[in-house]
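Report on one structure; see the data block that follows.
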Amino acid sequence: MRRPIIAGNWKMHKGPDETIAFLDELLPRVSNIEDREVVIAPPFVSLITAARRLRGSRVKLSAQNCHWENRGAFTGEVSPSMLLEAGCTYVIIGHSERRQLFGETNQSVNRRVLGALAAGLIPILCIGENLEERKAKHTLAVVERQLRKSLEDVEADDAETLVVAYEPVWAIGTGISASAEQAQEVHFFIRQFFEKQYNKTLANSIKILYGGSVKEDNVDELMAQPDIDGTLVGGASLKAAEFERIVRFMEPNAS
Ligand code: 13P
């Protein structure tokens, strides 16, 4: 059984004060939830504040990026070991906004994945095609290439701890989610990739999240798909009530 993960990627929202206010509202709402993991990914400057507030709660902390080295002359970067020390369990790597706006490549993503794993963080590796690639029916080829290159030199022992997030670029922040069928097709393909590249046990245990315009009204249908193990939520993770509803996908009493 793969325990679902619902992760909120706050992007460049919420400094320390807003982080505290948000957690004061969210934590009582989700404190009794055990059958799914709740993760928040605030900006770097809010991580320590969040970690302190999360003490004693089951909600886990993620960063939104990391460098591959643990220390050195890399102005503006934050290292995996620093994130671990700050209280992070996860780190998002290769988000499409980093690839599109900040020059991330599959090669730099690969280095970050290796660095995060070596430090003991769980990478949430983001992949996904853009609209042109989907229209040209290149989705699966793009996803396979991103996976192959991002996972170069990642051994099975490490790969089994990893989380993958399939985020079609055309669905991010547009209000147009992939349909459940479209997402399931790609998630199934990703699982098959892990079976071919590693082994069946690993493929069965690896968690594959969907991201891209996940909302209260589409999360149930997405999460009903056999190969969708959770969601990476942007805009809808910024309000506690909305995020709680997403966390409570498919619960009989969820409104
Ligand atoms: P939205 O949920 O705002 O579309 O963002 C998705 C995302 O990029 C999560 O990482």
Side-chain angles (χ1 to χ4, degrees), residues 4-14 18-19 22 26 36-44 46-47 50 59-66 83 88-104 109 112-113 116 121-131 133-134 139 142-143 146-147 150 162-180 182-183 186-187 190 207-223 225 228-249:
I5 299 176
I6 303 295
N9 174 12
W10 293 1
K11 309 191 179 186
M12 202 170 72
H13 296 283
K14 298 191 194 295
E18 275 187 78
T19 295
F22 175 88
L26 180 74
R36 47 201 77 185
E37 183 155 86
V38 182
V39 179
I40 55 160
F44 287 131
S46 302
L47 287 173
V59 174
K60 296 282 192 295
L61 195 58
S62 174
Q64 298 176 15
N65 188 22
C66 70
L83 294 176
C88 292
T89 304
Y90 294 93
V91 57
I92 296 170
I93 296 180
H95 191 279
S96 71
E97 284 149 20
R98 298 226 49 92
R99 294 175 189 261
Q100 286 189 308
L101 306 172
F102 302 103
E104 287 277 354
V109 168
R112 291 180 207 275
V113 166
L121 288 170
I122 302 173
I124 301 176
L125 168 63
C126 299
I127 53 172
E129 82 287 3
N130 64 29
L131 189 57
E133 291 162 341
R134 173 154 288 264
T139 298
V142 168
V143 163
Q146 289 172 332
L147 283 171
S150 309
L162 185 108
V163 174
V164 175
Y166 168 58
E167 299 206 309
V169 178
W170 49 272
I172 296 177
T174 58
I176 304 163
S177 163
S179 69
Q182 284 173 323
V186 181
H187 281 233
I190 295 169
K207 290 180 190 172
I208 309 169
L209 317 185
Y210 168 79
S213 296
V214 174
K215 301 267 184 291
E216 303 168 78
D217 54 12
N218 60 15
V219 66
D220 293 339
E221 199 188 348
L222 287 161
M223 288 304 299
Q225 304 304 310
I228 300 185
D229 308 315
T231 56
L232 185 55
V233 188
S237 73
L238 295 171
K239 295 217 173 81
E242 204 174 349
F243 189 52
E244 181 198 2
R245 171 59 186 88
I246 292 171
V247 168
R248 293 190 184 279
F249 67 87

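Heads up: numbering here begins at 1 and tracks the sequence. Just so you know, ligand 1 is whichever comes first in the structure, and atom 1 is the first atom listed for that ligand.
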### Task
Rounded to the nearest 0.5 Å, what's the gap from CD on Glu129 to OH on Tyr166? Could you check?
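Glu129 CD to Tyr166 OH: 3.5 Å, rounded to 0.5 Å.
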### Task
Working to the nearest 0.5 Å, report the span between NE2 of His187 and NZ of Lys207.
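Nearest 0.5 Å value for the NE2-NZ distance: 14.5 Å.
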### Query
In terms of the angle between their ring planes, are Phe22 and Trp10 parallel, tilted or perpendicular, with boundaries placed at 30° and 60°?
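Ring orientation, 0 to 90° scale: perpendicular.
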Dump the pairs for me: ligand 1 N or O, protein N or O, distance under 3.5 Å, to 0.1 Å.
residue: ligand 1; atom: 2 (O); partner: Gly234; partner atom: N; Å: 2.9
residue: ligand 1; atom: 3 (O); partner: Gly235; partner atom: N; Å: 2.9
residue: ligand 1; atom: 4 (O); partner: Gly173; partner atom: N; Å: 2.6
residue: ligand 1; atom: 4 (O); partner: Ser213; partner atom: N; Å: 2.8
residue: ligand 1; atom: 5 (O); partner: Lys11; partner atom: NZ; Å: 3.2
residue: ligand 1; atom: 8 (O); partner: Lys11; partner atom: NZ; Å: 2.8
residue: ligand 1; atom: 8 (O); partner: His95; partner atom: NE2; Å: 2.7
residue: ligand 1; atom: 10 (O); partner: Asn9; partner atom: ND2; Å: 3.0
residue: ligand 1; atom: 10 (O); partner: His95; partner atom: NE2; Å: 2.9
residue: ligand 1; atom: 10 (O); partner: Glu167; partner atom: OE1; Å: 3.2
residue: ligand 1; atom: 10 (O); partner: Glu167; partner atom: OE2; Å: 2.9

#### Entry: Cationic N near anionic O, under 4.0 Å, Asp217 to Arg245
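Judged by the 4.0 Å cut-off on N to carboxylate O distance, Asp217 and Arg245 do not form a salt bridge.
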For residues 231-238, which side-chain N or O atoms pair as donor and acceptor with protein atoms under 3.5 Å away, sequence neighbours left out?
residue: Ser237; atom: OG; partner: Val233; partner atom: O; Å: 3.3
residue: Ser237; atom: OG; partner: Gly234; partner atom: O; Å: 2.7

### Query
Is the closest side-chain donor-acceptor distance between His95 and Glu167 under 3.5 Å?
yes
